[in-house]
Q: 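Following this message is one structure expressed as structure tokens.
We use all heavy atoms of the structure for the numbers below, so side chains are in, but hydrogens, waters and symmetry mates are not.
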Amino acid sequence: MMEHLKTKEEKAIHYCYCELFKHATPSADFNELLKNAKTNDLGQKEIPFDDYEIEQEKLDEIIQESINKFKLKPKYKQQLFRNTIYLGCSPRTKNNSED
């Protein structure tokens with residue numbers, strides 16, 4: 001599914017979302033969510049990301065793992081990556097104290 005992605009950053013974002021949804025509750029296949037997503041008037045895929053939940057600590061761990069795996073540098077690119085994930089279609093987060 002990553003063959004259409006061109007840049008290292010695009011591949012890292014896709015990888016990160018795949019990992020986030022795999023570790024979410026309930027667990028999901030991000031590629032299947034994309035495949036089954038409806039397209040809105042702006043041509044964007046609409047994924048029901050609010051139906052999934054992940055612990056904040058796990059989300060941060062997966063983001064850092066993705067940054068390391070794809071060797072995203074310098075620091076501003078790492079922050080841009082984090083912002084993209086946080087503001088994108090990642091599962092909603094829960095704190096460990098909510099258990």
Q: So which heavy atom on Y52 is nearest to which on A28, and how close?
A: CE2-CB, 3.5 Å
Q: Verify the neighbour count for atom NZ of K8: are there more than 12 heavy atoms of other residues, nucleotides or ligands below 6.0 Å?
A: yes
Q: Roughly how far, to the nearest 0.5 Å, is CD1 of I85 from CG of D60?
A: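 Those atoms lie 11.5 Å apart.
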Q: Scan side-chain atoms only and decide if Y15 and E10 contain a donor-acceptor pair under the 3.5 Å cut-off.
A: no
Q: Apply ring-ring contact (aromatic ring centres under 6.0 Å, His included) to F30 and list each qualifying residue two or more places apart in sequence or on a separate chain.
A: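 Listed in chain order: H14, Y17, F21.
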Q: What do you reckon, is CD of E65 surrounded by more than 12 foreign heavy atoms closer than 6.0 Å?
A: yes
Q: Could you tell me whether E53 and R92 make a salt bridge, using a distance below 4.0 angstrom between a side-chain N and a carboxylate O?
A: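 Here E53 pairs with R92 in a salt bridge, since their nearest N and O are under 4.0 Å apart.
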Q: Nearest 0.5 angstrom please: I13 CD1 to L80 CG, how far?
A: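 I13 CD1 to L80 CG: 7.5 Å, rounded to 0.5 Å.
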Q: For the NZ atom of K22 and the CG atom of D29, what is their distance to the nearest 0.5 Å?
A: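 Between K22 NZ and D29 CG, I get 9.5 Å after rounding to 0.5 Å.
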Q: Is there a side-chain contact between E46 and T39 (heavy atoms, below 4.5 Å)?
A: no
Q: For Q56 and N95, what are the C-alpha separation, side-chain angles and deciding distance, and is it a side-chain hydrogen bond (donor to acceptor under 3.5 Å, both in side chains)?
A: CA-CA 6 Å; Q56 181 68 48; N95 292 324; over 6 Å; no
Q: Working note: H23 + I62, criterion side chain to side chain contact (heavy atoms under 4.5 Å, CB included); need CA distance, chi angles, decisive distance, verdict.
A: CA-CA 9 Å; H23 290 91; I62 291 170; 3.7 Å; yes
Q: Same cluster or not: Y86 versus F81, using hydrophobic residues (I, L, V, M, F, W, Y) connected whenever any side-chain heavy atoms lie under 4.5 Å apart?
A: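 Hydrophobic grouping puts Y86 with F81.
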Q: Under the rule for side chain to side chain contact (heavy atoms under 4.5 Å, CB included), what residues qualify as partners of E61, not counting sequence neighbours?
A: K58
Q: Calculate, to the nearest 0.5 Å, the distance between atoms OG and CD1 belonging to S90 and I63 respectively.
A: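 Rounded to the nearest 0.5 Å, the OG-CD1 separation comes out at 7.0 Å.
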Q: Is there a side chain to side chain contact (heavy atoms under 4.5 Å, CB included) between E9 and L72? Walk through the geometry before answering.
A: CA-CA 8 Å; E9 289 80 11; L72 300 179; 4.2 Å; yes
Q: Going through the distances and angles, do T25 and I54 end up as a side chain to side chain contact (heavy atoms under 4.5 Å, CB included)?
A: CA-CA 6 Å; T25 304; I54 192 167; over 6 Å; no
Q: Enter the distance from I67:CD1 to Q64:CD here, rounded to the nearest 0.5 Å.
A: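 It is 4.5 Å, given to the nearest 0.5 Å.
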Q: Using 0.5 Å steps for rounding, measure from the SG atom of C18 to the CG atom of L34.
A: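 Reported to 0.5 Å precision, the distance equals 7.5 Å.
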